[in-house]
Amino acid sequence: MEDVLAVYARPYDPTRPVVCMDEKPYQLLGQVREPVPALPGQDRKEDSEYVRYGTCSIFVWVEPLRGWRRVHALSQRTRIDWATQVKELLTVDYPDAETVVLVMDNLNTHTTASLYEAFEPREAFALAQRLEIHHTPKHGSWLNIAEIELSALTRQCLDRRIDNRDTLNTELTAWQHATNADQRQVRWQFTTEDARVKLRHLYPKI
């Protein structure tokens, strides 16, 4: 926990940006019956019955101090998918950064080994050398700012049924552009000192 909190306490450095990532499964759902449109004084009416069109995985990348986000839905979340997303992060989003400091949970796909599974060793090594990885502790996903952004995304963009991944990605891109235009930053307030006082029950007893 203190490792992640120390990362969040670092001053902004564009050569070593701190980026948080998370992902969530999403169900693609369609309507069985057309909803009744909203009218003055009446809410939109939607039948409780729906059609499932499968699932996908939404990847969220956030640089809190810059106020930048990238979101995209993929059909699955394999090691290859994660590695491809990391390559885009390093070569498209941050081509000039010396190192990207990456905060994420320790899901089994979130390792540099995934890079070697996706790319030939020379390229995988070059990508891995530009990463400084910090994992949130088990049961400590609340420390991941990207999880907070996923919660905001769910409320603001995913509060309705979407039945295909193309439409979903169109909606995600619109949310991303609108949010990035606002440059809404996230300044983490919970410090290491706070943790040692308020969460002292989590520390080992000596």
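Because the structure is predicted, anything quoted here is derived from the model rather than measured.
- When only modelled atom types and interatomic distance are considered, Gln183 and Arg66 share no side-chain donor-acceptor pair under 3.5 Å.
- Within 6.0 Å of the CD atom in Glu120, the count of heavy atoms belonging to other residues, nucleotides or ligands exceeds 12.
- Side-chain contact between Ile133 and His135: present, with at least one pair of heavy atoms (C-beta onward) separated by less than 4.5 Å.
- For the residue pair Thr109 and Arg79, no side-chain donor N or O sits within less than 3.5 Å of a side-chain acceptor on the partner.
- Distance alone, capped at 3.5 Å, places no donor-acceptor pair between the Thr112 side chain and the Ala128 backbone.
- With sequence neighbours left out, Gln185 forms a side chain to side chain contact (heavy atoms under 4.5 Å, CB included) with Arg187.
- Within the 4.5 Å cutoff, the side chain of His72 has no heavy atoms near those of the Trp61 side chain.
- Under a 3.5 Å cut-off, the side chain of Arg10 and the backbone N or O of Val18 do not form any donor-acceptor pair.
- Side-chain atoms of Asn164 and Thr167 form a donor-acceptor pair, as typed in the model, at a separation below 3.5 Å.
- Side-chain atoms of Val100 and Asp93, non-hydrogen and from C-beta on, never get closer than 4.5 Å to each other.
- Using a 4.5 Å heavy-atom cutoff, the side chains of Leu74 and Trp82 are not in contact.
- Taking 4.5 Å as the limit, some side-chain heavy atom of Ile58 sits within range of a side-chain heavy atom of Leu172.
- Arg77 and Ser57 share no donor-acceptor pair across their side chains, judged by distance under 3.5 Å alone.
- The shortest heavy-atom contact between Leu168 and Cys56 is CD2-SG, 3.5 Å.
- Counted by atom type alone, Asp81 and Thr84 present zero donor-acceptor pairs between their side chains at under 3.5 Å.
- Crowding of Phe125 atom CZ: a count of heavy atoms from other residues, nucleotides or ligands under 6.0 Å not exceeding 12.
- Taken to the nearest 0.5 Å, the OG atom of Ser75 stands 10.5 Å off from the CG atom of Leu28.
- Note that CE of Met104 is 14.5 Å distant from OG of Ser141, once rounded to the nearest 0.5 Å.
- For the residue pair Gln27 / Arg52, a side-chain donor-acceptor distance below 3.5 Å is found, with atom types taken as modelled.
- Taken to the nearest 0.5 Å, the OG1 atom of Thr154 stands 8.5 Å off from the OH atom of Tyr26.
- A donor atom on one side chain and an acceptor atom on the other are found under 3.5 Å apart for Thr191 and Asp194.
- Annotation for Cys20 and Asn144: closest pair CB-OD1, 3.3 Å, computed over non-hydrogen atoms.
- Judged as a salt bridge (Lys or Arg N to Asp or Glu O under 4.0 Å), and not counting sequence neighbours, the contacts of Glu123 are Lys87.
- Donor-acceptor pairing under 3.5 Å is lacking for the side chains of Arg196 and Thr192.
- Within a 6.0 Å radius of CZ in Arg122, other residues, nucleotides and ligands contribute 12 heavy atoms or fewer.
- The closest side-chain heavy-atom distance from His110 to Asp105 is below 4.5 Å.
- Screening residues 145-154 for salt bridge (charged side-chain N to carboxylate O under 4.0 Å, His left out) gives Arg69-Glu149, Glu149-Arg184 as the qualifying pairs, with residues at least two apart or on separate chains.
- Put simply, the residue from Val19, Ile145, Val103 that forms a side chain to side chain contact (heavy atoms under 4.5 Å, CB included) with Pro64 is Ile145.
- By the 4.5 Å heavy-atom criterion applied to side chains, Leu5 and Leu143 are counted as neighbours.
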Under the salt bridge (Lys or Arg N to Asp or Glu O under 4.0 Å) rule, what do Arg160 and Glu171 come out as? Steps first, then yes or no, please. CA-CA 11 Å; Arg160 61 201 183 283; Glu171 296 296 316; 2.4 Å; yes
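- Note that CZ of Arg70 is 14.5 Å distant from OG1 of Thr179, once rounded to the nearest 0.5 Å.
- Within 6.0 Å of the CG atom in Asp182, the count of heavy atoms belonging to other residues, nucleotides or ligands exceeds 12.
- Expressed to the nearest 0.5 Å, how far OG1 of Thr170 lies from CH2 of Trp175 amounts to 15.5 Å.
- Nearest heavy atoms, Leu153 versus Val60: CD2-CG2, 4.2 Å.
- The shortest distance between side-chain heavy atoms of Pro17 and Val101 does not fall below 4.5 Å.
- The existence of a salt bridge linking Arg130 and Glu98 is excluded, since no basic side-chain nitrogen approaches an acidic carboxylate oxygen closer than 4.0 Å.
- Nearest approach of Pro121 to Tyr116, heavy atoms of both residues: O-CE2, 3.9 Å.
- In this structure, Leu29 and Arg161 approach most closely via the heavy-atom pair O-CB, 3.5 Å.
- Between Ala83 and Ser114 the shortest heavy-atom distance is CB-O, 3.5 Å.
- Glu63 and Tyr94 are linked by a side-chain donor-acceptor pair at a separation below 3.5 angstrom, with hydrogens and angles left out of the test.
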